Visitor: 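Let me begin by handing over the structure; questions about it come next.
Note that this is a predicted model, so its numbers are computed, not measured. Heavy atoms only: backbone and side chains are in, while hydrogens, waters and symmetry mates are out. Lettering of chains follows the sequences in order, A, B, ..., and the numbering in each one begins at 1.
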2 protein chains.
Amino acid sequence: MEKIISRYKGKGFKLTPQRLAILKFLEGNTNHPTAEDIFREIKKKYPTVSFATVYNTVEALRERGELLEITINPDRKHFDPNPNPHHHIICKVCKKIEDIFTDYSEALKLPKDITDEFEILGNHVDFYGICKNCRN
Amino acid sequence: MEKIISRYKGKGFKLTPQRLAILKFLEGNTNHPTAEDIFREIKKKYPTVSFATVYNTVEALRERGELLEITINPDRKHFDPNPNPHHHIICKVCKKIEDIFTDYSEALKLPKDITDEFEILGNHVDFYGICKNCRN
DNA sequence: CATTATAATAGAATTATTCCAAGATGAGAA
DNA sequence: TTCTCATCTTGGAATAATTCTATTATAATG
């Protein structure tokens, strides 16, 4: 908790109680929550919290590189508080998302016509599968 | 055109004029259109076409494996009428999407804990960059 | 050409997200 | 410690994307 506070103190990031609750919820969270997951959790302690606050906060974190937006699920966005480059696998049935920490960057070479046109900033691999539970 | 028709004839896929227009627009299209892009195009010839028809048709195509949904742009879905597995790069500024036909499947090995839990069905690599135009 | 299952349509409903104006409050300065 | 102000929070409205529903139309088949 102290660590969280010191990470944001004096960085032009105003630490309000709601934000602290969001940061605490996200810290070490590997469940890839949606905006609604965050909203519902924070609401327990701060019943008047609004979606705007949730979206504002995750956007502020994203700008600072503290959080990633995940688009592997076409139905809704998920957020990942682990900003280190990594990849994801989603279960096509239950939509559960898990992290993959293999580094593929060596392998992901691009053809010359693409590198000629684009300055490359990053990559992300989505894997699709069916998890044990959903296979019955 | 004849080729398009014969591909769907007698497959339980009703070929209506609106659907033919959509199929014709998508055939060989590498622009990764959104639902609205398709809607606007079909509307030129069929002014009464509705979004429901566009969504129904792309969903029918997706079910048949004739089209892929692309989620590389967090803002909206794009559709790709090339159903062969391939990858994409998006310009972070103008959101232009281009195809990448390199096959990375050999390189994308997964750790055992993941393959133990998931039956793997596929993968997709997103690349992020800035295109020549947007670099000024 | 008659039948029928499927598709198209308009519009309402839903869902996710963004925007806005007003009041509240953390953070740094005095 | 208190003051000031930039920034945040809030509720609600606005927007945007997508889905749903009931009705009408029509492509496919025999």
Side-chain angles (χ1 to χ4, degrees), chain A residues 1 4-23 25 32-64 66-67 69-79 95, chain B residues 1-2 4-25 32-64 66-67 69-79 95:
Chain A
M1 201 61 210
I4 297 179
I5 293 175
S6 66
R7 190 187 312 146
Y8 293 99
K9 266 287 189 200
K11 306 261 171 60
F13 184 88
K14 219 156 132 177
L15 279 172
T16 65
Q18 296 86 342
R19 285 187 163 190
L20 277 169
I22 293 174
L23 292 171
F25 174 63
H32 311 94
T34 63
E36 198 189 347
D37 294 334
I38 299 172
F39 176 75
R40 271 209 308 268
E41 178 65 24
I42 306 313
K43 203 166 190 171
K44 290 183 193 164
K45 195 155 173 201
Y46 298 96
T48 68
V49 76
S50 71
F51 263 102
T53 296
V54 172
Y55 281 109
N56 287 343
T57 303
V58 295
E59 175 57 15
L61 294 172
R62 199 193 56 75
E63 277 170 6
R64 278 149 222 273
E66 304 275 351
L67 170 143
E69 226 175 50
I70 312 183
T71 60
I72 195 173
N73 178 1
D75 295 340
R76 68 200 80 247
K77 280 185 211 163
H78 294 252
F79 299 99
K95 312 288 180 174
Chain B
M1 200 64 212
E2 290 310 313
I4 298 180
I5 294 176
S6 66
R7 190 187 313 148
Y8 293 98
K9 266 288 188 200
K11 305 262 171 60
F13 184 88
K14 218 157 132 178
L15 279 174
T16 65
Q18 295 88 339
R19 285 186 163 189
L20 276 169
I22 293 174
L23 292 171
K24 196 170 139 203
F25 174 62
H32 309 93
T34 63
E36 198 189 347
D37 294 333
I38 299 172
F39 176 74
R40 271 208 308 268
E41 178 65 24
I42 306 314
K43 201 164 190 172
K44 289 182 194 165
K45 196 156 174 200
Y46 298 95
T48 68
V49 76
S50 71
F51 263 102
T53 296
V54 172
Y55 281 109
N56 288 342
T57 303
V58 295
E59 176 57 16
L61 293 172
R62 201 192 56 74
E63 278 170 6
R64 277 149 225 271
E66 304 276 350
L67 170 144
E69 225 174 49
I70 313 183
T71 60
I72 194 172
N73 177 359
D75 295 341
R76 71 199 77 248
K77 279 185 212 163
H78 294 252
F79 299 99
K95 311 289 180 174

Visitor: Could you measure the distance from the CG atom of B:N73 to the OG1 atom of B:T34? Nearest 0.5 Å is fine.
Guide: 9.5 Å
Visitor: Just call it for B:S50: base, sugar-phosphate, or nothing, with non-hydrogen atoms closer than 4.0 Å on any strand.
Guide: base
Visitor: Looking only at side chains, do B:N56 and B:T53 share a donor and an acceptor under 3.5 Å apart?
Guide: no
Visitor: May I have the distance from B:E36 (atom CD) to D:dT15 (atom C1'), rounded to whole angstrom?
Guide: 12 Å
Visitor: Could you tell me how far apart B:R19 (CZ) and C:dT6 (P) are, to the nearest whole angstrom?
Guide: 11 Å
Visitor: Please report the distance, rounded to the nearest Å, between CZ in A:F13 and C1' in D:dA6.
Guide: 15 Å
Visitor: Just the rounded figure in Å: distance from P of D:dA27 to CD1 of B:I5.
Guide: 12 Å
Visitor: Check whether B:H78 reaches the backbone of B:H32 with its side chain - one donor and one acceptor, N or O, closer than 3.5 Å.
Guide: yes
Visitor: Please report the distance, rounded to the nearest Å, between CG in B:N56 and C1' in D:dT18.
Guide: 11 Å
Visitor: Cation over ring, B:R19 on B:F13, under 6.0 Å and within 45°?
Guide: yes
Visitor: Side chain of B:A35 only, please: which of C:dT9, C:dG26, D:dT18 is the nearest?
Guide: D:dT18
Visitor: Go nucleotide by nucleotide along DNA chain C from the 5' end; which of A:K77 and A:L15 gets its closest nucleotide reached first?
Guide: A:K77
Visitor: So what does B:P17 hit on the nucleic acid, given a heavy-atom distance under 4.0 Å: a base, only sugar-phosphate, or nothing?
Guide: sugar-phosphate
Visitor: Check the distance between D:dT19's C1' and B:R76's CZ and give it to me in whole angstrom.
Guide: 18 Å
Visitor: Might you confirm whether atom NZ of A:K95 has over 12 heavy atoms from other residues, nucleotides or ligands at distances under 6.0 Å?
Guide: yes
Visitor: Go through C:dC19, D:dT18, D:dA28 for me and flag the one nearest to the A:A52 side chain.
Guide: C:dC19
Visitor: For B:T53, which contact category applies under a 4.0 Å heavy-atom criterion: base, sugar-phosphate, or nothing?
Guide: base
Visitor: Among the candidates D:dT10, C:dA27, D:dT18, find the nucleotide nearest to the side-chain atoms of B:Y55.
Guide: D:dT18
Visitor: C:dT25 P sits how many Å from A:L20 CG, rounded?
Guide: 15 Å
Visitor: NA contact type, A:T16, heavy-atom cut-off 4.0 Å: base, sugar-phosphate, or nothing?
Guide: sugar-phosphate
Visitor: Is B:Q18 near enough to C:dT9 that one of its side-chain N or O atoms lies under 4.0 angstrom from OP1 or OP2?
Guide: yes
Visitor: What is the distance, rounded to the nearest whole Å, between atom NZ of B:K14 and atom P of C:dT6?
Guide: 8 Å
